[in-house]
Amino acid sequence: MTLKRGEEKMSEADKMDVIIIGAGPAGIACAYILAQAGKEVLVIERAETPGAKNVTGGRLYTYALEMVDKGLTEEAVLERKITHEQIMILSQDKAISIDYHDPSFNREGQVPQSYSILRAQFDEWFAAKAEEIGAMVACGVKVDDLIEKDGKIIGVVAGEDEMYADVVIAADGVNSFMAQKAGLIKDISAHQVGVGIKEVIELPPDTIQERFNLKPDEGAARMILGCTEGIHGGGFLYTNRESISLGCVLMPEEAAAHGKSVHEIFQDLKMHPAIYPLIAGGESIEYGAHLVSEEGYRGIPQKIYREGFLMIGDAAGFVINTGYSIRGIDLAIVSGVAAARAVLNTSASDQVGPAYLQELKNIELLPTMQAVDGYADLLAIPRIYSSYPRIAVGVFERLFTVNGQKPNSLIKNTKEVIKSNGVSMWQLFKDVLRGYKSI
């Protein structure tokens, strides 16, 4: 429930144009554009430094940063440009790896399509850039409540301080406390989120390049299936300049019933014969866990604004998981751009929310999320995380086994592997049909 304050308590001298809660990519992108346009912007961050509490991936698609300010990618604190898109399927001690390399993603003279990043370093740099052009960033400050008057959000409460603004923007991440205070969302339920675990493992650059067959400025992004012991979820691996970001995401309710902790499942992933050689000899320099929105387009709240208040980034559920890629940072930045444009293009507070929603459509964030909405149905098939990785690996095992005996046909081998994993042809057909309809 928001606090009620009379207008007589408002100090016009201290009133900001916009207060943004959260100094992640969404909040800073919004602050950057607003400050560049001459608006008075205050970003309030709970952590001691921007990015200090964030443990995502991470990977940045550069189009989003270029949308904030053309040429900004060249200045950014980035790791390696992604030149290898990889998918790995694990089962027991076996693995299938697919490596896609497309030179058009990194053409000479063009901004590379994406980079691996370390959020603590990237976020701090991004916040400093926003400060350079006039935004104020206050770290180590916890916002406790919102201030409401006549149905409009007019400010925030932080400890004993009251700060006022024409617009308050929640960029405080998944399960947004501020959005709850604004009455736009309820406390998040377990089926809406996954538990993400990530470890950053330090290795020499030459070792990373040798193990992943990379040139000094190149990087790999790998999605991993079959690493969650049958629980809905998957793994990821990103190569940084002098480290590897390795992690997995699991659904918490299933993990709780599994009998193993998420930490134990993650340790099993690290020790897999196809993973361990990639991180062997490395030193763990960061380890953490956080919640990840898993519902995609369906997870966006019914209302993402009210008068004087907007939700952006993870707070609004802007995350895409298709199984072969995870997108959150670029969508966060784009939503921050949309919010800033809405503020700049309207003159009345009651116009900002509708303008923001329209900008999300114009900027193609909402259409993009809606276009891949069907993947949620595909990824809801439980056999994707148990039977199908085993079937895929089993087929490859028979395909490459040479023992001097007459081999069966590929079709016969495939049928035998499917049957041995407890999946009927009818069940397989239904799952394939469901997947086809989903995508």
Side-chain angles (χ1 to χ4, degrees), residues 84-100 194 220-237 246-251 253-255 257-260 262 264-278 294 296 321-326 372 374-439:
H84 291 262
E85 304 280 357
Q86 300 175 344
I87 296 174
M88 175 177 272
I89 301 172
L90 304 180
S91 178
Q92 297 178 326
D93 59 350
K94 304 175 181 68
I96 299 170
S97 297
I98 301 170
D99 188 314
Y100 178 68
R222 179 176 300 189
M223 297 295 106
I224 308 169
L225 182 65
C227 63
T228 55
E229 302 186 14
I231 299 170
H232 283 64
F236 59 85
L237 184 155
L246 177 66
C248 66
V249 179
L250 308 104
M251 297 305 289
E253 288 181 318
E254 293 182 39
H258 184 65
K260 273 188 181 180
V262 291
E264 288 173 320
I265 295 171
F266 179 58
Q267 291 305 308
D268 289 344
L269 168 62
K270 288 172 60 180
M271 293 299 107
H272 191 281
I275 298 294
Y276 182 73
L278 302 175
E294 284 290 307
N321 176 13
T322 59
Y324 57 83
S325 71
I326 300 172
V372 297
Y375 280 94
D377 294 324
L378 176 63
L379 296 175
I381 299 172
R383 286 169 290 282
I384 285 179
Y385 310 98
S386 53
S387 304
Y388 291 147
R390 292 197 301 267
I391 289 171
V393 169
V395 170
F396 272 74
E397 180 184 5
R398 294 198 180 199
L399 193 65
F400 291 109
T401 295
V402 178
N403 55 17
Q405 298 178 4
K406 177 186 173 182
N408 292 325
S409 69
L410 178 58
I411 292 176
K412 184 177 180 180
N413 275 335
T414 302
K415 287 182 176 179
E416 288 179 353
V417 172
I418 292 171
K419 185 177 180 181
S420 67
N421 281 280
V423 178
S424 69
M425 296 303 293
W426 175 241
Q427 200 170 48
L428 176 62
F429 172 76
K430 288 195 297 182
D431 286 344
V432 170
L433 184 61
R434 183 176 175 182
Y436 174 77
K437 290 179 177 179
S438 298
I439 60 177

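All values below were derived from every heavy atom in this structure, side-chain atoms included, with hydrogens, water molecules and symmetry-related copies excluded.
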What residues, two or more places apart in sequence or in another chain, satisfy side chain to side chain donor-acceptor pair (under 3.5 Å) together with Tyr388?
-> Asp431

Which value, rounded to the nearest 0.5 Å, describes the distance between Asn408 atom CG and Thr414 atom OG1?
-> 10.5 Å

Sidechain-backbone polar pair: His272 side chain, Gln92 backbone, donor-acceptor under 3.5 Å | yes

Separation of Asn413 CG from Ile418 CD1 (nearest 0.5 Å) = 11.0 Å

Roughly how far, to the nearest 0.5 Å, is CG of Leu225 from CE of Met88?
-> 11.5 Å

Report the C-alpha distance between Glu294 and Val249 in whole Å, list the side-chain angles of each, state the deciding distance to 0.1 Å, and finish with yes or no for side chain to side chain contact (heavy atoms under 4.5 Å, CB included).
-> CA-CA 10 Å; Glu294 284 290 307; Val249 179; 3.7 Å; yes

Would one find more than 12 heavy atoms of other residues, nucleotides or ligands at under 6.0 Å from atom CD1 of Ile411?
-> no

Of all heavy-atom pairs linking Val423 and Ser387, the shortest is CG2-CB, 3.6 Å

Working for side chain to side chain contact (heavy atoms under 4.5 Å, CB included), residues Ile265 and Leu269 | CA-CA 6 Å; Ile265 295 171; Leu269 168 62; over 6 Å; no

Shortest non-hydrogen contact between Ala380 and Arg434, atoms and distance = CB-NH2, 3.8 Å

Side chain to side chain donor-acceptor pair (under 3.5 Å) partners of Lys260, counting only residues at least two apart | Glu229, Asp268

Taking only residues two or more places apart in sequence or in another chain, which ones pass side chain to side chain donor-acceptor pair (under 3.5 Å) with Tyr276?
-> none

Indicate the atoms forming the closest heavy-atom contact of Arg383 with Pro389, along with that distance.
-> O-CD, 3.7 Å

How many angstroms lie between atom OG of Ser420 and atom NZ of Lys415, to the nearest 0.5 angstrom?
-> 14.5 Å

Euclidean distance, Ile87 CD1 relative to Ile224 CD1, rounded to 0.5 Å | 11.5 Å

Shortest non-hydrogen pair, Asp377 vs Ser438, comes out as CB-OG, 3.3 Å

Just say parallel, tilted or perpendicular for the rings of Trp426 and Phe429, cut-offs at 30° and 60°.
-> parallel

Note: Ala274 and Leu90 closest approach over all heavy atoms is CB-CD2, 4.2 Å

Value rounded to 0.5 Å, distance of CD1 in Ile231 from OH in Tyr385 | 11.5 Å

Could you walk me through whether Leu410 and Val395 pass the side chain to side chain contact (heavy atoms under 4.5 Å, CB included) check?
-> CA-CA 8 Å; Leu410 178 58; Val395 170; 4.2 Å; yes

Ser91 to Arg390 - nearest heavy-atom pair and separation = OG-CG, 3.2 Å

